[in-house]
Number of protein chains: 2
Amino acid sequence: MIEFSSSDIVVSLSAVIVSVENNRPRILILPSDDNKEYASLPSGPYSPESHRTLELGLKAWVKSRTGFDLGYVEQLYTFGNLFRSQILEEKGLRLLTISYLALIHPSEISEDYNACWQNYYNFFPWEDHRKGRAASADKLLEELYDWADEASDRVRRLERLERIQFAFGGGRWDPDRLLYRYELLYEAALIAEAVRDWNAWPEEERVRLPINRDNPGSLCCKVESGIPLMYDDRRILASAIGRLRGKLRYRPLVFELLPEKFTLLQIQNVMEAIDGVSLHKQNFRRLLLAEGLIKETGEMDRTSLGRPASLFRFRKSIYMERPQVRMGQGNN
Amino acid sequence: MIEFSSSDIVVSLSAVIVSVENNRPRILILPSDDNKEYASLPSGPYSPESHRTLELGLKAWVKSRTGFDLGYVEQLYTFGNLFRSQILEEKGLRLLTISYLALIHPSEISEDYNACWQNYYNFFPWEDHRKGRAASADKLLEELYDWADEASDRVRRLERLERIQFAFGGGRWDPDRLLYRYELLYEAALIAEAVRDWNAWPEEERVRLPINRDNPGSLCCKVESGIPLMYDDRRILASAIGRLRGKLRYRPLVFELLPEKFTLLQIQNVMEAIDGVSLHKQNFRRLLLAEGLIKETGEMDRTSLGRPASLFRFRKSIYMERPQVRMGQGNN
DNA sequence: TAATTTATACTCAAACAGAGTATAAGTCAA
DNA sequence: TTGACTTATACTCTGTTTGAGTATAAATTA
């Protein structure tokens, strides 16, 4: 029926584990140790003999390594292309990685385990527009225009300009296009991994040779384009955050990142942290209340400055009826 | 580094290959032969030694088997849970399936290869609401209410009713919830596969025991709930069509299913075929023209009855700038 | 020539999104 | 105790989008 063996394939599960603390969106990483130059995403083997489903396997593995019970878990993408792990490929093995997005509820987070959380904007500094357009976004944009000018002919140049426009410029900044931006930057060799991987790729598949104009001949990334990760882990991270941002807009996932009771501002802060944009407070409030997804508890939050805010709770019962959590745009 | 072997895993690539012909949305299937009771999706091995990427592997395999060059290809989901292939599991192997959605451009379709196309509403008869709400949707809804009544307690019953409401009833029919509906029907044992798989599952994981009230004791599905497929192929199909419907709303994928030049009605017909709903013609026109994704050719279509329609062409150049292809709702 | 069919233009009202003003209810520091 | 500051919440205004419908144009066929 299926006439092949797959002993030359190694299957792993990688997880992008997200939580939000104090307006900082963070992910769990395994820090680089002496042997490794790069940090990596938590990644474990897939053991069909001990787990009925992929997701259960992932949860069990994460639990055993970090002690965290994952809340929301969603499969993202399966990577199986060549040039992902040189070590395995030298042994004639192909690495197949099934990536997951997972959210951790604040109640799960114990103080004694604070080692490996990293603000994810460390990996995508151009993505945080909460205090106005990120400076690095504009710097990268300049670099991208240089890249467009290097195109071999006019059509190709225009195509590059169009992609740049779609990713970074034009009308409104779209947080959901994170992955698209990352891939464009990679292609333009403005991402450290692109430089690192340059030699591994066959000649005809290589991205632009990164040339530092100030120091011709050297391979380097001039601008702050974030911290690199192991293998293609930063790409996986990009797809996870992009997906999270998109999904937040039409499914009530925020509550997975909020305590049992919360104020409207807390919801807004989590949304803003993840999206990297700031929202119009009054309109955000209007939308949230119109949704009917939350219910007033009658209690007040007195921990913060200013007029106390009502505490709300998520109405799980109505979860399914109203899938939309729309959002406003723009600063106050 | 990754300390495990995966010789007990078998990896396959499955494809849901879609085209639209004459207002009928179709998929490619491998018909059941003498050995098999069920038809299945085209599915091939993943051979890392011969293909650089998963997608290239899929394309090559489909090309060799069917002669089709796939246009748009998108990875969907990777299935790796237990109870997917009894045959392999008896040998101690786990089947890992990476599923894909692929679209075939009409120009690719040769007349001599017409064997294996099937209208996908044959598998989801409750999904076609182009001529008003599908009769089978209402029949299934009745069955689902019976299922809700069978719940062990009040809370569980209300939860079921809520899910039923979300899937089938309430305000507006949402074509994007196809997968959700399929999974609900499966759980309520209204899908033939649920009955077929019933014995394979461990006791505590089983879905409802399907009882035909008219003929107590027998396992059966009373209503027309579509043609079953091999393994969990119909679930894969459901996720593919659901995804296609969703994506069509915010990416200009329709053009992958249309000839080089087309009338506005042709676009609408393809959209309606895939979504299974009918749209307001004038509003659809307004939206399409506002998008700027299409350009008039100046030519007219004289092949159909009535006033000739302008022929348009897809403006690829602007592809990236305007990702949205919104749609109106409702009948004329 | 009239009935039929499809295309296309235009109107109208309700709902919604973006932006802002106004006011309430707390804290904190002088 | 007052006034500056901070946050919450209510409400307004306007332009856009959406859903639904009317009107007219341009072809075919009986």
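A donor-acceptor contact shorter than 3.5 Å is absent between the side chain of A/H105 and the backbone of A/G71. Between the side chain of A/Y121 and the main chain of A/A273, a donor-acceptor pair closer than 3.5 Å is present. In this structure, the side chain of B/H280 engages the main chain of B/N283 through a donor-acceptor pair within 3.5 Å. Proximity of a side-chain donor or acceptor of B/T297 to a complementary backbone N or O of B/L311 within less than 3.5 Å is detected. Judged purely by atom type and a 3.5 angstrom limit, B/D275 has no side-chain atom pairing as donor or acceptor with the backbone of B/V277.
Here B/K281 does not reach the OP1 or OP2 of C/dT6: none of its side-chain N or O atoms lies under 4.0 Å away.
Of the N and O atoms on the side chains of B/Y145 and B/E143, not one donor lies less than 3.5 Å from an acceptor on the other residue. Side-chain atoms of B/E296 and B/S310 form a donor-acceptor pair, as typed in the model, at a separation below 3.5 Å.
In this entry the distance linking CZ of A/R302 with C1' of D/dT7 reads 13 Å, nearest Å. Atom NE2 in B/H280 sits about 5 Å away from atom C1' in D/dA20, given to the nearest Å. For the pair A/F284 CZ and D/dA8 P, the computed distance is 12 Å after rounding to whole Å. Rounded to whole Å, atom P of D/dA8 lies 17 Å from atom CD of A/E299. In this structure, CD1 of B/I267 is placed 17 Å from P of C/dT6, rounded to the nearest angstrom. We find that CG of A/L287 is positioned 16 Å from P of D/dT9, with the value rounded to whole Å. Taking atom CE of A/M300 as the reference point, atom P of C/dA24 lies 15 Å away to the nearest angstrom. In this structure, B/L288 atom CG and C/dA7 atom C1' are separated by 14 Å, rounded to whole Å.
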Polar atom pairs (N or O), protein with nucleotides 9-13 of chain C, under 3.5 Å:
| from | atom 1 | to | atom 2 | distance (Å) |
| --- | --- | --- | --- | --- |
| C/dA9 | OP2 | B/R285 | NH2 | 3.4 |

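Aromatic pair A/F262/A/F314: centroids not less than 6.0 angstrom apart.
Using a 30° and 60° split on the angle between ring planes, A/F124 and A/Y182 fall in the perpendicular class, above 60°.
Listed by residue number, the members of residues 303-313 of chain B with any heavy atom below 4.0 angstrom from DNA chain C are B/L305, B/G306, B/R307, B/P308, B/A309, B/S310.
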